[in-house]
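Following: one structure in C-alpha cells, then a few remarks.
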Amino acid sequence: MSHATPQTLLVRGARIEGQDATDLLVRDGVIAETGSALSHAGATVVDADGLVALPGLVDLHVHLREPGYEASETILTGSRAAAAGGFTTVFAMPNTSPVADTAGVVEQELALGEAAGYVHVQPIGAVTVGQKGERLAELGAMADSRARVRVFSDDGFCVFDPLIMRRALEYVKAFDGVIAQHAQDPRLTEGAQMNEGAVSAELGLAGWPAVAEESIIARDVLLAEHVGSRLHVCHLSTAGSVDIIRWAKKRGVNVTAEVTPHHLLLTDELVRDYDARFKVNPPLRREEDVLAVREGLADGTIDIVATDHAPHPTEVKACEWAAAANGMVGLESALRVVHHAMVETGLMSWADVARVMSATPARIGRLDGHGTPVAAGQPATFTLYDPRPSRPFGVGDLAGRSTNSPYLGRDLPGDVRWTVRGGIPTVVDGAVLDAPGALS
C-alpha cells in the first residue's frame, strides 16, 4: 500500500452524480460530512464548481502486462493510466508471463499494485493452467490467497471445452466466484481479421462472424443455469449477444455482461484505412450492433462498462493490418467515451454511469468497500469530472506506457480533474501526481 497520508480536503460545490451542488469534507480517508457552506480549518480547498462527483471508477477488465510484457505496460504505469481516467480499482487479466494461474503470481500482482498506490489492483486468475484450456488452474488456492481472487478468466482465449467450462462453473460456487468468459469460438474465427459483413467483403479481409461470439454465450448461459453458478460475459459486442443475455436473464440465469467503450462508439467502417489502432478482439462491429449494445446497457441487460485496456508497443501496431496485434488502450478515455455515447445521447444519467462503471463492477468482482457512493461515512474514493469541455483526445491524455488509442485526434467531451482514493489524491487539476498524495 502507498505510504501516502490521507489529506483533509474541502470540496466545494461538487454535483454528486449530477445532482445539486454540495460540499464534501474529507478527513482521515472518509467523507466526514456533506452539505452546504462547510468549513474546516487547514483543509485543502478544492473548487469543484460545475464538476460531477462520481464514485471511484472500477474496471473489471484491464491488461497490465506485468509480469512478462513490461515493454507494453507495468502495474505502475497502468495504475497511473487508470487514475488519469478516474479509476480507483482495476481487475488485472491473467495473460501475463508467467500466466496468473497460481497463488504466487496473483499475490505478486497484488503487492506490485499496493506498492504503486494509485489504484487497488485486483488480480483475476486464469481458469486453466497456462490459459491452454486443458485442465483447471489452482482456483481454490488463488481464492484462498492474500489476493482473494473471485474472478477467473482465460481472457484472450475462450474456455472452449464445455466439460472444462462446466467444471470451472461448479468449482467456483464454493467461494462465490465467477467465470468471466471470452466468448469466441476458435474454429469459427480462424484467420479472421475483422467483423464479417459488408465491409469485410469489400476489403477482402477474412470475416469474424457474430455467431462465433453468440454461440458460446448461448452455450455458457445454459451451462451456468444447469449448475447454478455465476457467469460473466466479457466484452459483448453484437446485437444477437444482447438478445441472448436478455433471454437468459428472463429465465433467471445468474449471468452478467460487460461492454467496452469502443464497442459503444466505433464501427467496422473505421477499418477501411487499415489503421491497426482499430484492430481489436472482438472486432469493431456494425452500426446496428453499436446501437443495440447502447440500448442493452441503457436498459440493464448489459451490467457494466469495462475497458479491456490492452496496451501494445508501437511496433506491433505500426505495421500491416494482418500482422498487427489486437487491442486498444482505454483507461484514460473510458469515462469521456461513455459520457459521449450514453449521457450526451440521453440514454443514461450520471447516476447510471456510477452504477455501470463503479458499483456494479465492484459487486460482480465481490470487492467490498469499492464502488461505494459519494456520501457521508463512506470511503473518500471518488473522481471529480468536468463535463463541459470538448477537445481532441491526444497523446498528452495518455498516462501509461503505450499509445495505441483509437481516439487520438477525435473530439471527446469532458475531463477528469481529480481522482481521490481513500482520501489520497492521485490526480489533481487534470494531472497525475508523481506519487499518490504528493500535493506540492
**Asked** So which heavy atom on Pro389 is nearest to which on Asp415, and how close?
**Response** CG-CB, 4.0 Å

**Validation row: Leu188, Val211 side chains within 4.5 angstrom (heavy atoms)** = yes

**Request:** Compare all side-chain heavy atoms of Pro186 with those of Phe157 and state whether any distance is below 4.5 angstrom.
**Result:** no

**Complete:** To the nearest 0.5 Å, atom CG of Asn254 lies from atom NZ of Lys173 at 10.5 Å

**Asked** If only atom types and distance count, is the side chain of Thr74 paired as donor or acceptor with the main-chain N or O of Thr77 below 3.5 Å?
**Response** yes

**Prompt:** Who passes side-chain hydrogen bond (donor to acceptor under 3.5 Å, both in side chains) against Asp220, sequence neighbours left out?
**Reply:** Gln181

**Prompt:** Quick one: side-chain contact (heavy atoms from CB on, under 4.5 Å) partners of Ser97, sequence neighbours excluded?
**Reply:** Tyr69

**Message:** Please determine whether a side-chain nitrogen of the Lys or Arg among Glu196 and Arg285 lies less than 4.0 Å from a carboxylate oxygen of the Asp or Glu.
**Reply:** no

**Message:** Less than 4.0 angstrom from a charged side-chain N to a carboxylate O is my criterion; do Arg366 and Asp368 meet it?
**Reply:** no

**Prompt:** Leu112 versus Glu66: any side-chain heavy-atom pair under 4.5 Å?
**Reply:** yes

**Message:** My understanding is that only residues two or more places apart in sequence, or in another chain, count here; which of them pass ring pair (Phe, Tyr, Trp, His ring centres under 6.0 Å) with His370?
**Reply:** His120

**Asked** Do Thr345 and Val343 touch side chain to side chain, with heavy atoms closer than 4.5 Å?
**Response** no

**Where Asp411 and Ser390 come nearest, the two heavy atoms and their spacing** = CB-OG, 4.4 Å

**Request:** Could you tell me which residues satisfy side-chain hydrogen bond (donor to acceptor under 3.5 Å, both in side chains) with Asp155, sequence neighbours excluded, listed by chain and number?
**Result:** His61, His63, His182, His235

**Asked** What residue among His309, Arg401, Arg80 forms side chain to side chain donor-acceptor pair (under 3.5 Å) with Glu73?
**Response** His309

**Item:** Nearest atoms (heavy-atom pairs only) where Pro283 meets Asn195
**Value:** CB-N, 3.5 Å

**Prompt:** What residues form a side-chain contact (heavy atoms from CB on, under 4.5 Å) with Thr128, not counting sequence neighbours?
**Reply:** Asp154, Ile164

**Message:** For a salt bridge (Lys or Arg N to Asp or Glu O under 4.0 Å) check, start with the C-alpha distance between Glu70 and Arg65, then their side-chain angles and the critical distance, and finish with the verdict.
**Reply:** CA-CA 6 Å; Glu70 289 84 358; Arg65 305 303 192 203; over 6 Å; no

**Request:** Decide yes or no for Ile75 and Ser79: does some side-chain heavy atom of the first lie under 4.5 Å from some side-chain heavy atom of the second?
**Result:** yes

**Prompt:** Do Pro94 and Gln131 have side chains that get closer than 4.5 Å, going by heavy atoms?
**Reply:** yes

**Prompt:** Does a side-chain N-to-carboxylate-O contact under 4.0 Å join Arg187 and Asp185?
**Reply:** no

**Prompt:** Would Ile245 and Leu236 satisfy side-chain contact (heavy atoms from CB on, under 4.5 Å), going step by step from the backbone distance to the final call?
**Reply:** CA-CA 10 Å; Ile245 297 293; Leu236 177 153; 3.6 Å; yes

**Message:** Taking salt bridge (charged side-chain N to carboxylate O under 4.0 Å, His left out) as the cut-off, I'd like each qualifying pair that reaches into residues 263-272, sequence neighbours left out, listed once.
**Reply:** Glu202-Arg272, Glu269-Arg272

**Request:** Return yes if some donor-acceptor pair links the side-chain N/O of Lys279 with the main-chain N/O of Gly327 below 3.5 Å, else return no.
**Result:** no

**Item:** Residue pairs, two or more places apart or on separate chains, that pass side-chain hydrogen bond (donor to acceptor under 3.5 Å, both in side chains) and touch residues 352-364
**Value:** Ser349-Asp352, Asp352-Arg355

**Prompt:** Is there a side-chain contact between Val374 and Ile31 (heavy atoms, below 4.5 Å)?
**Reply:** yes

**Request:** Please list, chain by chain and in numerical order, all residues satisfying side-chain contact (heavy atoms from CB on, under 4.5 Å) with Val420, sequence neighbours excluded.
**Result:** Leu9, Phe382, Trp418

**Complete:** Applying side-chain hydrogen bond (donor to acceptor under 3.5 Å, both in side chains) to Glu134 and not counting sequence neighbours gives none

**Message:** Checking side chain to side chain donor-acceptor pair (under 3.5 Å) between Thr256 and each of Lys249, His232, Arg230, which is the one that passes?
**Reply:** His232

**Complete:** Note: Thr419 and Gly86 closest approach over all heavy atoms is OG1-CA, 3.5 Å

**Item:** Arg336 side chain reached by Tyr407 side chain, heavy atoms, under 4.5 Å
**Value:** no

**Request:** For Ala341, check side-chain contact (heavy atoms from CB on, under 4.5 Å) against everything at least two apart and list the hits.
**Result:** Leu264, Arg294

**Prompt:** Is there any salt bridge (charged side-chain N to carboxylate O under 4.0 Å, His left out) pair reaching into residues 139-152, and which pairs are they, with sequence neighbours excluded?
**Reply:** Glu114-Arg146

**Prompt:** Of the non-hydrogen atoms in Gly369 and Pro379, which two are nearest, and what is the gap between them?
**Reply:** O-CG, 4.2 Å

**Distance in Å, Asp273 CG paired with Trp321 CH2, rounded so as to fall on 0.5 Å steps** = 10.0 Å

**Message:** My understanding is that only residues two or more places apart in sequence, or in another chain, count here; which of them pass side-chain hydrogen bond (donor to acceptor under 3.5 Å, both in side chains) with Thr260?
**Reply:** His262, His263

**Request:** Compare every heavy atom of Ala324 with every heavy atom of Ala276, then report the nearest pair and how far apart it is.
**Result:** CB-CB, 3.4 Å

**Request:** In sequence, state the C-alpha distance, the side-chain angles, and the governing distance for Val253 and Leu231, and then conclude on side-chain contact (heavy atoms from CB on, under 4.5 Å).
**Result:** CA-CA 9 Å; Val253 179; Leu231 170 71; 5.9 Å; no

**Request:** Any chance you could lay out the side-chain contact (heavy atoms from CB on, under 4.5 Å) test for Glu344 and His339, step after step, and finish with the verdict?
**Result:** CA-CA 6 Å; Glu344 287 190 333; His339 177 192; 3.8 Å; yes

